[in-house]
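Taking it in order: structure first as structure tokens, then the write-up.
Chain A is the first sequence line, chain B the second, and so forth, proteins listed ahead of strands; every chain is numbered from 1.
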Amino acid sequence: MNDNEARLAHIVRHLDWTSALEIAVVIAGAWLLTVVVRAGLPWAADRLRPAGRMKILPWIPVLRFLILLAAIGVIVPIVIRPTLENMVVIFGALGLAIGFAFKDYLSDVIGGVVATIERAYRPGDWVRIDDAYGEVKSVGLRSLSIVTPDDTVVFIPHSKLWSTNVYNANAGKRDLMCVADFFLHPDHDAAAVRQGLADVAVTSPYVNLSRSIVVILADEPWGTHYRVKAYPVDSRYQFEFISDLTLRAKMVFARLGALPVTAPVANHYDRPPASR
Amino acid sequence: MTRSDPHDDAEAPQLWQAVPLGDYKRPERPATEAVRSGFLGLFKGNCRTNANGPVVADERLRQLPSDLLNAAAAWPDWADAVRELEQVLSDITRPDAGRHRIRALVGAPYSGARETVRCWAEQRQWPIIEPPTPARILAQDESWFEALAAEDGPPIIIAELEHCLLRHPFGLAFLRRLFDQLQASPRACLIATNSWTWAYLTVAMQIGDNMAAPLTLQALDSDRLEQWFRRLVGCDGPVVFRQADDGSLVFATGAASAAADPASDAQPPGKRSDFLGRLAGYSRGIAGVAWGLWRQSLETAASEGVATRLEEADTAAERSVIWVRPWSRIHRPTLPADAGLPELLVLHALLIHGGLPEGAVSEVLAALGSRVVAVLRSLAAYGIIEEHRGRWQVTPVGYPAARAALESEGLIVDWL
């Protein structure tokens, strides 16, 4: 046996069928546990009361990461002799290889770890990253997936965290603030419209009355801009809530004789959420 | 046939009590039931079922015929409640009540609060302000307020505030006008309202800020339920209520009926059943809910294998036996398994308004559009709601399931 072979034999254990079987069992077990966590916890969360759902979902990426770490921790000692010298050699070599070949992938993985620790986003959160807005369905090793209101699944690599703002509308909570905008011709009774819009929000079947309802108005060159800010009972009903507010606000405007602005204005959703 | 005289239970605690809302005490459920419902209560689907229809066919056959049912569990007579609450109601409406001249009696649905206030006012021949129709509310009809304009006269009695509410922007404006007028009037005012309406208006309009603290009817625990059910028995001769599966006594002290001869009314044999405890817990101490389930539980015959010696002993003592279905076989309506947000919103609206005509349901739930009719039909098929005198309302026996479903979804619920 020459020197290289001797060094290799010093680092790597002799692998036989038993070792291969052990490694296969660990991988299978880790995979099974991951499937249970990825599919089972959301299933269970959907059957819990809404408050319980938001307590369970954020744990999914954390548990998946821990399962992965545990599997690596079990497999590595099977393959190599875990002495300090061996670890330095192996991880040094791995680091060099990964650094060149998988640097983007590693950036995504580290981004995912940081996002999990900082709770930048969790399953159940409604987030906007670049031009994608939707509910976080899963946080994987490399990317997160969100489902948009149009039922489109968008996969966003975690490395976006380094270069883009992440707008999180509910940050683990059950509800999120919804804003309904209305644009009226300036010739109207503003106090009556403001009271009417407050009543529209208070009487919505979707509204969460334990949170505050605010109606803001501001004069613009083309008319008066009203913004109704309120919370639905659950973030999943945000679109029904805004639709309901809009539907009934139009009844109030009709009764009060308040006319909408008809001149074209910029599409509200072209602007990032922070400016709303 | 005569009904039990309430004065026969003079030593029993007062059946009807008016207490501040904070003193309301719901009866506790038996430990096993509490553990089971607590665990299942973590899951929002625990009050739903895949069953298509409500009652199993052979159970229908065993139900008491209506004449016997009305003798064994007659329709409640709220004059009893008025008699026991006379002092409280008189204090509420005395002319020198000062800033407390507007008082509210808040009751859970089917608790009897509305009926008690109506009965009390009718006994005094005081006019009751009838609620406006939804169309008048939406039209902001000023003429409805004319009945409140007089500055002297008897107290203003509003027996159903929930029917003066329409959860609609124009409906809130109407209600504000009502309370402004009541505040401006020097007359005393007694308002009876359902607890869901009160909970909603407390948050939406801060309704309690300008009124004295409301009162409510205390929940009926198992002892007071028994006391009430005894009063509702109108059979000739002594009657004993036994559980159909094991012959255990449903009432603690055996027979019920005013015609019972105390000398011959020896304690019937048999152990005590926990039926009334379970009933009180499940119905949340609400009289009408418990009464609906009680009537549903009365049967013509015992289950096979029940000791005949009990029947023979009752026959020998000339006691009539009415069998009570065991709690596990009581049909308790549940929501459809696929009930979603539309069903919950309809239930919520019906509870807040104390029932609504079909057209008004569409007004307050405009976002549901044409789905409202289908949802109403679906819930009615499961016995959760019914149409009564032109209004859709949650049924007494369907109320516990409806409330549990709404609470698990996080919608605003009452405190009772």
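Residue contact with chain B, scored on non-hydrogen atoms closer than 4.5 Å, involves the side chain of A/Val233 exclusively. For a residue to count as touching a neighbouring chain, one of its non-hydrogen atoms must lie under 4.5 Å from one of that chain's; by this rule B/Ile352 does not touch chain A. Only the side chain of A/Leu247 comes within contact range of chain B, with at least one heavy atom under 4.5 Å from a heavy atom of that chain. Proximity to chain A involves both the backbone and the side chain of B/Ala204, based on heavy atoms less than 4.5 angstrom apart.
Smallest separation of non-hydrogen atoms from B/Glu409 and A/Tyr237: OE2-OH, 2.5 Å. The heavy-atom pair separating A/Pro205 from B/Leu411 by the smallest distance is O-CD2, 4.1 Å. The two residues B/His168 and A/Arg248 have their closest heavy-atom pair at CA-NH1, 4.5 Å. Across A/Gly196 and B/Pro169, no two heavy atoms sit closer than the pair O-CB, 4.5 Å. Of all non-hydrogen atoms in B/Ala366 and A/Met251, the two that sit nearest each other are CB-CE, 4.4 Å.
Options B/Leu368, B/Ile412, B/Leu341, B/Leu166 differ in how many heavy-atom pairs under 4.5 Å they form with chain A, and the most are formed by B/Leu341. For the set B/Gly171, B/Ala367, B/Ala349, the entry with the most heavy-atom pairs within less than 4.5 Å of chain A is B/Ala367.
Few gaps surround OH on A/Tyr133; more than 12 heavy atoms of other groups in view lie less than 6.0 Å from it. A/Trp59 CH2: 12 or fewer foreign heavy atoms inside a 6.0 Å radius. Within 6.0 Å of atom CD in B/Glu358, more than 12 heavy atoms from other residues, nucleotides or ligands are found, so the atom counts as buried in its surroundings.
Using a 4.5 Å cut-off on side-chain heavy atoms (C-beta onward), B/Tyr200 and A/Thr203 make contact. Side-chain atoms of A/Gln195 and B/Arg176, non-hydrogen and from C-beta on, do get closer than 4.5 Å to each other.
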